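Have a look at the structure below before the remarks.
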Amino acid sequence: MLKLFDTYERKIRPFTPLNPPQVKLYACGLTVYDYAHIGNLRSYIFEDILRRVLEFNGHDVLHVQNITDVGHLTDDADAGEDKMEVGTRRAGKSAWEIAEIFTEAFKQDLAQLNIHEPHIWCKATDHIAEQIAMIQCIEANGYTYRTSDGIYFDTSRLDDYGYIARLNIEGLQAGSRVAISEKRNPTDFALWKFSPPDAQRQMEWDSPWGVGFPGWHIECSAMAVKYLGTYFDIHCGGEDHIMVHHPNEIAQMQACHNTRLANFWLHGYFLQLDGLKMSKSSGDFLRLQTIIDRGYDPLVYRYFCLGGHYRSKLTFNWQAMDGAATALQRLRTAVSQWPDPTQPDETFLANFTNQVNDDLNMPRALAVTWNLVKSDMPNGTKKATIVEFDRVLGLRLADWQPEAEQPIPNEVQALAAQRQAARAAKDWAQADALRDQIAAAGYDITDTPSGPELKPRAANA
Ligand code: AMP
Ligand code: ZN
């Protein structure tokens, strides 16, 4: 039986689909004003594992993920700039262009990490009408007010606003000494923001309230409802969403449809860099390409992430990546030496299933994997079992082959033939000069009783 930690209830609960065998899953997507950093990617690896574990349990997952291409401000309290505008300034391109560039780059990252793409991608800017309709619904039910810069949600109208975050609303009200603009309550948030009167935004739309753009939170509620309905199985995102974004998504749902949107709320904890939070706005972050440029296979990062439970922070450093690289290489080499799969071993399969079903305990699932490798099972059984494990691990274990020896280039073979001819003519100077040319092309030539042999020079030679 699959058990998952539900942030809403703050406890581990047995998971049963609302409408079996289908499981509807919504994941908060990337804000595409920059590349994804490896922290973001940790969250998407966690969500991929979640989806794979659901599928491993025989569920039929419908995975929807948004792309935030408007409205996510640099400040969670509705001040600050739209992150997309920051991105356009940095890249010298339009907001529409950078959205496309970074969406494509993100999809490539996902492919390189063997993360399944969602069945439905939905962009905020493609769903302005749905967002406006939902704001109208919230307004009709009496939860909104207008300020000089937008339409806001009045969180004091809900008895349990912020329940998922266990917010202490009275404490927040009393402790809020900073000016909260025209907001009535510190936790109120923008549903629709007006374009500045003195400047034209690149992304803006007409609405019943005036020209402007949607607030960030409304996109997820409106698109989740459109594709998954008003109450579905699982909503997930990174831990930062527990305090603001998800309470606001839930508030919008309560105001409009009187549900809490999802039966389970799951959150992946942050990747940190030597104790520091990694953030895109710092302008200095690691992305998957940084890892690849350092010579790592991208799946080494996936393996590294599997080594930490999704509900613990994980600290990134290069030493840990080297450890992951060695482990993955040993795993792949072992699997590549096994013969064709026979039948999986039921006991190992049951152990692995128990671990992944225990709130996605991937560190323990990896330990079961290593126990299998070291066991004295027949290798065909090991192979069949690990192929099953890899449906969840996603490390492409059965596909990997030791690097094939590269064919010797024709030019190098021609030089070797000329050298043979020079030797036959006893032209030793010419033979030595040809050996040097062969070396310069990256090959060593050795004379053996059965003739000369060409080998690539060792990298450090
Ligand atoms: P954003 O692009 O800011 O909308 O974030 C995309 C996803 O990455 C969200 O689910 C965030 O919660 C998550 N996220 C952001 N920073 C980190 C981090 N350092 N570690 C793990 N997940 C993160
Ligand atoms: Zn969201």
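Read the numbers this way: they start at 1 and go in the same order the structure lists the ligands and their atoms. Every value quoted in this text rests on a predicted model; they were computed, and no experiment measured them.
Residue nearest to atom 11 (C) of ligand 1, selected from Leu30, Asn66, Leu273, Asp240: Asp240 (by heavy-atom distance).
Of the candidates Lys193, Gln202, Arg201, His72, Arg201 is the only one forming a side chain to side chain donor-acceptor pair (under 3.5 Å) with Asp82.
The ligand atoms of ligand 1 that sit less than 4.0 angstrom from a heavy atom of Thr31 are 1 (P), 2 (O), 4 (O). Proximity to Gly29 (heavy-atom distance under 4.0 Å) selects the following atoms of ligand 1: 4 (O), 6 (C). Ligand 1 places these atoms under 4.0 Å from at least one heavy atom of His37: 16 (N), 17 (C), 19 (N). Close approach of ligand 1 to Gly238 is summarised as follows: ligand atoms under 4.0 Å from at least one heavy atom of the residue are 10 (O), 12 (O). If you number the atoms of ligand 1 from 1 as listed, the ones under 4.0 Å from a heavy atom of Ser43 come out as 13 (C), 21 (C), 22 (N), 23 (C).
A cation-pi arrangement is present between Arg13 and Phe264 under the rule of less than 6.0 angstrom and at most 45 degrees off the ring axis.
For Phe270, no nitrogen or oxygen atom sits less than 3.5 Å from a nitrogen or oxygen atom of ligand 1, counting backbone and side chain alike. On a distance-only criterion, Tyr269 and ligand 1 share no N/O pair closer than 3.5 Å.
Counting only heavy atoms from C-beta outward, the side chains of Asp322 and Tyr296 approach each other to under 4.5 Å.
His245 and Trp216 have parallel rings, their planes meeting at less than 30° on a 0 to 90° scale where 60° marks the start of perpendicular.
One finds a salt bridge joining Glu55 and Arg51 here, because a Lys/Arg side-chain nitrogen approaches an Asp/Glu carboxylate oxygen to under 4.0 Å. Electrostatic pairing of Arg260 and Asp6 counts as a salt bridge here, judged by a charged N lying under 4.0 Å from a carboxylate O. We find that Asp390 and Arg396 are not joined by a salt bridge, their nearest charged nitrogen and carboxylate oxygen being 4.0 Å or further apart.
Vertex the Zn ion (ligand 2), arms ending at SG of Cys220 and SG of Cys28: the angle is 130° after rounding to 10 degrees. Angle NE2(His245) to the Zn ion (ligand 2) to OE2(Glu249), rounded to 10°: 70°.
Not a single heavy atom of Gln272 sits less than 4.0 Å from an atom of ligand 1.
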### Task
Determine, step by step, whether Cys137 and Cys256 satisfy the disulfide (SG to SG under 2.5 Å) criterion, reporting the C-alpha distance in whole Å, the side-chain angles of both residues, the deciding distance to 0.1 Å, and the verdict.
CA-CA 6 Å; Cys137 169; Cys256 192; 2.1 Å; yes
